[in-house]
Amino acid sequence: MQRNAVISTTGPVMVLAGAGSGKTRVITYRIAYLIRNEGVSPRNILALTFTNKAAGEMRHRVDSLLHNGSSSGLWIGTFHSVFSRLLRNYIDLIGFDKNFSIFDSDDSKSLIRQSMAELNISVESVPVNTIQGLISRAKNSFILPGEFHRNASDYNQQKASQIYELYTRKLKENNALDFDDLLIKPLELFNAHPEVLGELQDTFHYIMIDEYQDTNRAQYLVAKMLGAKHRNIFVVGDDAQSIYSWRGADISNILNFQDDYHDALTFKLIENYRSTGNILKAANNVISCNQRQIKKELISHRHEGEPLTLIEAYNERNEAERVGEQIRNLRLRQGYEFRSFAVFYRTNAQSRVLEDVMRQHKISYKIFGSVSFYKRKEIKDAVAYLRFILNDRDSESLLRIINFPPRKIGDVSIARLREFAEEREISLYDAILQADEGGFQARLLNALSSFSAVIESLRKIAVEGTVYEVLTELFSLTSIPLLLQAENTPESLARHENLQELLSMARDFSDHNPDTGSLGDFLENISLASDYEETQESDNFVSLMTVHAAKGLEFPVVFITGLEERLFPLHCYEPEELEEERRLFYVAMTRAQEKIFLSWAQSRYLYGQPHHCLKSMFIGEIDSSIVQTEGGSFLSDRMEKEKSAFGLSSSSRGYQPKTITSSSAAEATASQLKPSRPALREGTMVHHAVFGPGVVLDVQGKGAKQKVRIMFRNAGEKTLMVQYANLKIQQ
């Protein structure tokens with residue numbers, strides 16, 4: 001199948017390359033085949049990737065295949081780098097100089113701030129990061145300022161539409177493009193100057209795109225326009241691995257490829273060279289539950305392998321301990337190195353407990369694609385407050401927090417405070433407390449007074465209260481978590497989750513050390529943890545990472561942790577979001593070569609409070625005959641025992657909806673309560689016509705008065721009368 005895809009060089013071609021099926025091999029061989037066997041000039045081939053690493057690897061492989069270096073002139077690179085190169089040749093036609101600057105994210109934010117200042121829009125009313133995110137998403141969807149303004153609905157979008165227009169003008173005044181402009185300016189150029197598009201179409205006879213499922217609207221349109229003349233467009237991707245909608249990727253591009261090109265050839269690479277049969281069977285089970293997909297089932301090039309193992313813990317600490325125990329056991333029994341293991345989680349905040357356990361048990365680890373929990377900026381900021389409460393002579397902590405969140409206490413004001421402190425031979429904080437004697441402006445005095453009021457209030461709580469109470473009050477007085485939530489960007493929401501995890505850690509510490517758990521002891525624990533040296537002289541460490549960071553990697557043994565409703569899958573409000581969560585789980589499973597451990601906790605601290613958790617629906621979508629408990633029994637055996645206990649007959653794997661009718665109270669109640677039929681009980685998956693999918697938390701009463709408390713994905717927690725709810729039970 002790989003060979004057939006390589007030698008099909010005429011017309012549109014789509015290669016659906018399942019995980020571990022050799023997609024990079026297909027693209028590089030096809031480039032080499034075109035040059036060596038078809039006599040195509042390298043300058044007539046355009047290959048687009050998403051990362052510089054992928055582009056470099058692709059070029060290296062092509063050079064190795066051609067031996068004589070005849071790939072010189074080949075257009076290969078990321079979308080941004082290739083489009084930047086094109087714009088250098090033609091951008092003067094749309095009013096920019098060819099020596100334009102490319103603004104990075106910080107430059108872009110600075111220009112947005114200038115635009116906001118001119119429009120009298122304060123950063124307090126709409127965070128800069130929120131505006132930058134809205135403008136970026138608009139550009140990636142090729143929505144220009146006029147259209148964005150017409151469709152702006154809520155407050156943030158209306159303000160962003162004003163800023164977007166001025167920001168666009170300012171970029172042009174600076175003869176600059178931001179990263180998103182590198183994708184949309186070619187479209188503006190082609191629309192305004194068709195002759196340029198024709199010239200480029202004559203240059204690029206063959207267009208190849210890697211990871212096509214990750215393309216956004218702008219990338220899709222540019223590629224389609226460039227390939228319109230020769231129609232030799234070759235895309236490689238996997239709709240089952242489309243996991244980046246939050247940064248603009250549009251799965252419709254790959255799903256609708258054959259609608260765009262009715263004569264397209266499609267090749268499905270389904271033979272996986274990475275994973276065992278049971279791993280692929282589980283992955284196929286799960287992804288088959290998605291509706292929006294191109295059907296395919298991976299088959300293994302290897303043996304059947306071990307069953308998956310389910311770890312059922314009573315809380316997140318116990319979950320981490322058991323992950324560590326399994327790592328130690330496998331190293332002892334089967335000789336695995338630390339580098340053989342990867343531990344995945346859905347959110348960055350989950351790494352904290354795992355890191356703590358790894359350190360305590362001397363398991364070498366490294367955070368992949370992020371930094372250690374205690375070294376994240378928002379954690380260091382919050383901890384700096386706690387340190388300063390304990391020691392007001394800690395000037396380093398003071399300087400870190402005095403303007404966080406922003407209080408308009410700038411460097412000049414701090415320098416004057418330092419001078420005042422030196423004159424009086426007092427500490428910097430004492431200078432703040434005595435600032436009204438220093439001749440400072442009223443605005444600065446108000447800011448300093450507000451800051452010292454926060455510190456003194458927290459200090460009083462720290463004398464008799466718990467660490468948890470101090471941290472809760474800190475977040476309340478400073479509104480730091482609320483500010484991060486208001487930004488509403490993926491980065492700010494991740495930082496918010498990290499702060500909530502710190503709050504959970506404080507609650508856990510306070511609960512387990514009611515008499516001896518002082519603020520000093522808490523900070524000492526954090527100091528010891530943050531001093532842990534992550535970098536190793538060797539590369540022999542366990543990899544900890546989010547599932548998003550794991551894409552493209554592989555490991556002999558994989559742990560997928562936190563498999564609980566509302567965590568993985570994360571809070572899902574639309575069917576499309578749930579399907580992307582399922583694709584993310586599929587990606588996690590297909591990273592494993594030999595063995596998968598799935599884990600969930602019955603209780604987990606969330607926002608500083610212990611919460612009862614329900615097992616993820618994804619676990620139930622896997623064939624129970626290939627999943628075993630840590631004790632060695634298979635889930636299928638356990639399910640049979642449960643069915644026998646309730647007098648239920650065997651049924652096939654998967655969820656079979658059954659509608660509870662409400663034609664009469666008696667019939668409804670009877671259909672619920674017959675022991676030979678599925679009954680509503682804690683953990684039952686249900687579907688409501690209005691509220692959507694949910695999980696039963698509690699069943700109250702009997703007969704016609706029976707009520708059920710349900711946590712719905714869309715609507716949160718609801719209590720319903722069973723006879724009127726018309727629920728569908730998912731078995």
Side-chain angles (χ1 to χ4, degrees), residues 105-129 131 375-463 470-471 473-484 486-487 492 495 499 519-520 523 526-527 530:
S105 180
D106 289 338
D107 298 327
S108 170
K109 285 179 185 176
S110 177
L111 204 60
I112 288 172
R113 285 193 189 93
Q114 291 179 37
S115 302
M116 294 176 72
E118 288 188 24
L119 293 167
N120 292 317
I121 299 173
S122 70
V123 295
E124 285 78 18
S125 63
V126 191
V128 173
N129 287 344
I131 298 298
K375 294 182 180 179
R376 294 169 192 165
K377 178 186 180 301
E378 59 277 8
I379 300 302
K380 294 180 76 172
D381 289 337
V383 169
Y385 268 101
L386 301 181
R387 290 190 196 284
F388 190 71
I389 293 164
L390 204 62
N391 173 21
D392 64 18
R393 300 183 68 82
D394 183 350
S395 60
E396 287 302 312
S397 292
L398 173 59
L399 293 174
R400 187 175 188 101
I401 63 177
I402 193 170
N403 207 34
F404 177 76
R407 298 184 175 91
K408 297 184 179 179
I409 305 173
D411 293 341
V412 174
S413 297
I414 292 172
R416 291 186 58 201
L417 275 171
R418 283 183 181 277
E419 292 175 4
F420 180 59
E422 289 170 2
E423 287 171 7
R424 296 204 168 192
E425 297 183 344
I426 56 178
S427 71
L428 191 56
Y429 185 61
D430 285 337
I432 290 173
L433 295 176
Q434 300 172 29
D436 56 348
E437 302 172 16
F440 296 106
Q441 293 180 351
R443 180 191 59 78
L444 177 59
L445 288 174
N446 288 336
L448 294 174
S449 175
S450 174
F451 172 71
S452 62
V454 169
I455 297 302
E456 294 306 312
S457 176
L458 294 173
R459 183 171 285 162
K460 288 178 183 176
I461 295 173
V463 172
V470 173
L471 204 55
E473 185 68 6
L474 167 63
F475 290 167
S476 174
L477 292 174
T478 61
S479 299
I480 295 170
L482 292 177
L483 292 172
L484 292 173
E487 285 187 26
S492 69
R495 291 169 62 196
L499 288 178
L519 178 58
L523 290 172
I526 290 178
S527 295
S530 58

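Quick caveat: nothing in here was measured; it's all calculated off a predicted structure.
- Between Y385 and F404, the angle of the ring planes lies from 30° to 60°, which puts this pair in the tilted group.
- Between E419 and R416 there is no salt bridge, since no side-chain N of the basic residue sits under 4.0 Å from a carboxylate O of the acidic one.
- Residues meeting the side chain to side chain donor-acceptor pair (under 3.5 Å) test with S427, sequence neighbours left out: D430.
- A donor-acceptor pair under 3.5 Å is formed between the side chain of R407 and the backbone N or O of I402.
- A382 and L474 make their closest contact through O-CD2, 4.1 Å (heavy atoms, listed as atom of the first residue, atom of the second, distance).
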Q. When you look at I461 and I389, which way does the side-chain contact (heavy atoms from CB on, under 4.5 Å) test go after all the steps?
A. CA-CA 10 Å; I461 295 173; I389 293 164; over 6 Å; no
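- The two residues I401 and F388 have their closest heavy-atom pair at CD1-CB, 4.0 Å.
- Note that the CD1 atom of I414 and the CG atom of N403 stand 6.5 Å from one another [nearest 0.5 Å].
- Remark: K377 NZ is packed, more than 12 non-hydrogen atoms of other residues, nucleotides or ligands lying under 6.0 Å away.
- Atom CG in L417 sits 7.0 Å away from atom OG in S413 (nearest 0.5 Å).
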Q: Show your reasoning for whether side-chain contact (heavy atoms from CB on, under 4.5 Å) applies to I409 and L444.
A: CA-CA 7 Å; I409 305 173; L444 177 59; 4.1 Å; yes
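- Taking the six-membered ring where tryptophan is involved, the planes of Y429 and F451 are perpendicular, since the angle between them exceeds 60° and thus also 30°.
- Not counting sequence neighbours, S450 has no partner by the side chain to side chain donor-acceptor pair (under 3.5 Å) test.
- One finds the CD1 atom of I526 at 7.0 Å from the CZ atom of R387 (value rounded to the nearest 0.5 Å).
- Looking at S449, its side chain never comes within 3.5 Å of a backbone N or O of L445 through a donor-acceptor pair.
- Taking CD of E378 as the reference point, atom OG of S492 lies at 10.5 Å (rounded to 0.5 Å).
- In this structure, I426 and L433 have side chains that are not in contact, with every pair of non-hydrogen atoms separated by 4.5 Å or more.
- Checking side-chain atoms of S479 against main-chain N and O of L482 turns up no donor-acceptor pair under 3.5 Å.
- Other residues, nucleotides and ligands contribute more than 12 heavy atoms inside 6.0 Å of the CZ atom of R424.
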Q | I432/I455 under side-chain contact (heavy atoms from CB on, under 4.5 Å): CA gap, chis, key distance, verdict | A | CA-CA 11 Å; I432 290 173; I455 297 302; over 6 Å; no
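- Inter-residue side-chain proximity for L399 and L428 is flagged as met; some heavy-atom pair is nearer than 4.5 Å.
- Expressed to the nearest 0.5 Å, how far CD of Q441 lies from CG of N446 amounts to 11.0 Å.
- Considering all non-hydrogen atoms of both residues, A435 and L448 come closest at CB-CD1, 3.8 Å.
- To the nearest 0.5 Å, atoms CZ (R400) and OG (S397) are separated by 8.5 Å.
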